4 protein chains.
Amino acid sequence: MSKEKKKNSILLASLEIFTKQGFYKTTISQIAKHIGISVGNVYNYFPSKESLAKASIVFVTEKLATILHNINAQDIPAKEKVACFVEEYLEFLQKHPEMIEYFFRIYLANREVFYQSDDSGFSLAESFIKELEKLVTDGIASKEFANQDFYISFACISGILGGITFLHGEKVLQADLAQYKKNLAHAICKSLS
Amino acid sequence: MSKEKKKNSILLASLEIFTKQGFYKTTISQIAKHIGISVGNVYNYFPSKESLAKASIVFVTEKLATILHNINAQDIPAKEKVACFVEEYLEFLQKHPEMIEYFFRIYLANREVFYQSDDSGFSLAESFIKELEKLVTDGIASKEFANQDFYISFACISGILGGITFLHGEKVLQADLAQYKKNLAHAICKSLS
Amino acid sequence: MSKEKKKNSILLASLEIFTKQGFYKTTISQIAKHIGISVGNVYNYFPSKESLAKASIVFVTEKLATILHNINAQDIPAKEKVACFVEEYLEFLQKHPEMIEYFFRIYLANREVFYQSDDSGFSLAESFIKELEKLVTDGIASKEFANQDFYISFACISGILGGITFLHGEKVLQADLAQYKKNLAHAICKSLS
Amino acid sequence: MSKEKKKNSILLASLEIFTKQGFYKTTISQIAKHIGISVGNVYNYFPSKESLAKASIVFVTEKLATILHNINAQDIPAKEKVACFVEEYLEFLQKHPEMIEYFFRIYLANREVFYQSDDSGFSLAESFIKELEKLVTDGIASKEFANQDFYISFACISGILGGITFLHGEKVLQADLAQYKKNLAHAICKSLS
DNA sequence: CATGAATGAGTGTTCATTCAT
DNA sequence: GATGAATGAACACTCATTCAT
């Protein structure tokens, strides 16, 4: 296996196990065992457990950022962009719940892991937030969305998606995720207007 | 100090330190020191660290449930109830950020701490969710809100509030919390309609 | 309850719980609860956990010593004395297994509890050993027993009784204890001859 | 040092310190220090303190079982087998008092450590008991010993040896252990006849 | 690159003992 | 005498990280 591939497999394993068990309950040994390598070898690719957690969040946010970037690149109304993003988000959540849940459970919650004195941990999600900002700004420009503080919009979009993600993780949703697509997109757009 | 009062002071200290440092990085010794008692004495009031975390979440959700319960009891339109709740929520967040953040950071994130095999950890927040459900149901009855899956509404209300709470915790909000009151209430009502 | 009676009830409770759970796994709190008094009050009667254990062994050995003393006082052959002692010992074991087992499990095993630098822990059983010595000496005088080192005789008598006590505690003996009376007395006498 | 050898050295250190100080007064740290390794490394070889105690007892009983097995294999009268066993037992006790005393002090006394719900702790000594049973059965077959309940015979053999072991541990025996060989063998054979 | 034995600081929890009431 | 809250030292066990092979 190439160096890059092995690094990636370590990342994916971490992501999965961190999400399932939490950051602190996950041991390096478990991650190593999950992909059949030795504990010491994990350290050849990542210098610490913390760095694994950070690399994981960058990995996830870049996936989300890419999705949103491609949508933003299209020449369609902002409301449609929201609908597209909700759709792709739900598909992603369906396919890789561990990645999305990692974002909401591990990253947003374990502040002490991701934050350094000199650097807001928030910055790890920068690429995604940039795209979100673009989406909102475009919508405001086209008068589709109300011209309000970006943070309100941010709270609406990521809050509502976070809420549904949480419920999905709790396994309380009776219907298939895709069923919620339309209503969620509608709710988000309304909240932004 | 009465027994009940001491138990409460331990709870409040836990809440604060858990929120600041995370569940796992917080030691019983720190909690004990914070209120000037011995480690062993903490265990005279709570049988384990985990039980402290659980008692904390019950404490917070009951506070929130009480606030919402009183609002629900009033004879006003559902939209006004939402506005009232947002106002009181923001005041509460301003005054006791550790309690609200505890709810979003510690409870929602450290699944492995709160969940037992036989019992959804979700149930610890039951009293609050019940009130939220009442608010939404009433609004649907009065045609103020759209008749949609409660989970969507749940995601909207707690998601948007969670989002702003997160941003507040990140200290990125430039304006005073109260400034966001109107816009947030508006966004939530819109999202429910 | 008189002071003496309460002291005794504490002693008996200790004996029972020490035997059932071992010295270290028994807490003062358990002993106190067992007789319905407070932890602090136990310390009004015994200055330490260790002193409780020591008082217990003195209590038991004095019971055994009394039994043997009365037998020694009779004008019967030594072999009959052995038979009598075995009989009464088995009856005692039947009735108060916790006392006898205390002697063999707790006292003989937890050396570190009973021994002080200046004093052999062995001395706590002195009264009983004295009587045993008398029994053997008398038997040698009457030519019933061989004139051998007392320690050999001691090993035979208390060893064989200890062995059957152990097996009784293990609950592997199918027959009633009394059934073993004759054979045990016979074995002991033979071993002494 | 090979893995197996290190495991063994941990075992021997445990045996010695458990015997000297008792199970509960012995700390893993002491065991580790005694052989110059770290606390954590002990746990690479034994998963718990309890498992160390159990492995120790298996180790000792297998030593005793082997001794007795070799004697049983010889074509000599049962009485001579007893004499051989007593001799080798005393030699072993002389050479490795910690092992034999471990058997009598730690194993027989700390029931709560060795017993599981589903399994008599007694079973840890199975291999030795099997050999003892063979010795007795053979002696009965050759009419050297009386045909009595095996448990009586068990109490006699292990009781008498346990008694002398106890006295040896108390350091009350004036003569050399070997001096008691003949008398002990004689006493045991008599008690079995 | 890969291994996994070794390290040792760190933490939840227990419990004998004390003492103010 | 009686209570039981308070103390704090002690200890089993964990696990991120290192490094010799």
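Chain letters run A, B, ... following the sequence lines, proteins first and then strands; every chain starts at 1. Fair warning: this is a prediction, and the values are worked out from it, not measured in the lab.
- Annotation: salt bridge (Lys or Arg N to Asp or Glu O under 4.0 Å) contacts involving residues 19-29 of chain A, sequence neighbours excluded, comprise A:E16-A:K20.
- Rounded to whole angstrom, the span from the NZ atom of D:K49 across to the C1' atom of E:dT14 amounts to 13 Å.
- In this structure the side chain of A:L52 reaches within 4.5 angstrom of the side chain of A:V42, judged on heavy atoms.
- With sequence neighbours excluded, the residues that form a side-chain contact (heavy atoms from CB on, under 4.5 Å) with D:A53 are D:F18, D:F23, D:Y102, D:V113, D:F114.
- Considering only residues two or more places apart in sequence or on other chains, C:Y24 meets the side chain to side chain donor-acceptor pair (under 3.5 Å) condition with C:E112.
- Contact annotation: D:K3 does not reach the phosphate of E:dG4 (side-chain N/O to OP1 or OP2, under 4.0 Å).
- Under the side chain to side chain donor-acceptor pair (under 3.5 Å) criterion, D:Y43 pairs with no residue, sequence neighbours left out.
- Listed by chain and residue number, nothing satisfies the side chain to side chain donor-acceptor pair (under 3.5 Å) test with D:N8 (two or more places apart in sequence, or in another chain).
- Although no hydrogens or angles enter the test, the distance criterion places a donor-acceptor pair under 3.5 Å between the side chain of B:Q30 and the main chain of B:T27.
- Formation of a donor-acceptor pair under 3.5 Å by the B:T26 side chain with backbone atoms of B:I17 is found in this model.
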Q | Steps toward side-chain contact (heavy atoms from CB on, under 4.5 Å) verdict (A:I10, A:I37) | A | CA-CA 9 Å; A:I10 296 173; A:I37 66 173; 4.0 Å; yes
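- Applying a 4.0 Å cut-off to non-hydrogen atoms, the residues of residues 34-48 of chain D that approach DNA chain E are D:I37, D:S38, D:G40, D:N41, D:N44, D:Y45, listed by residue number.
- By the side-chain contact (heavy atoms from CB on, under 4.5 Å) test, B:S38 is found to be paired with B:N41, residues two or more places apart in sequence or in another chain being considered.
- Along DNA chain F, read 5' to 3', the first and last nucleotides having any atom under 4.0 Å from a heavy atom of chain B are F:dA5 to F:dG8.
- No donor-acceptor distance shorter than 3.5 angstrom exists from the side chain of A:T61 to the backbone of A:A125, with no hydrogens or angles considered.
- Applying the ring pair (Phe, Tyr, Trp, His ring centres under 6.0 Å) test to residues at least two apart or on different chains, none of the pairs has a partner in residues 44-64 of chain C.
- Nucleotides E:dC1 and F:dT21 place their P atoms 23 Å apart, quoted to the nearest Å.
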Q | Per-nucleotide pairing state of DNA chain E [Watson-Crick or G-U, under 3.5 Å; [ ] pseudoknot-crossing; | other strand] | A | .||||||||||||||||||||
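- Take D:E62 and apply the side-chain contact (heavy atoms from CB on, under 4.5 Å) test, not counting sequence neighbours, and it matches D:V58, D:S127.
- The stretch residues 21-32 of chain C comes close to DNA chain E through C:T26, C:T27, C:I28, each having a heavy atom under 4.0 Å from the strand.
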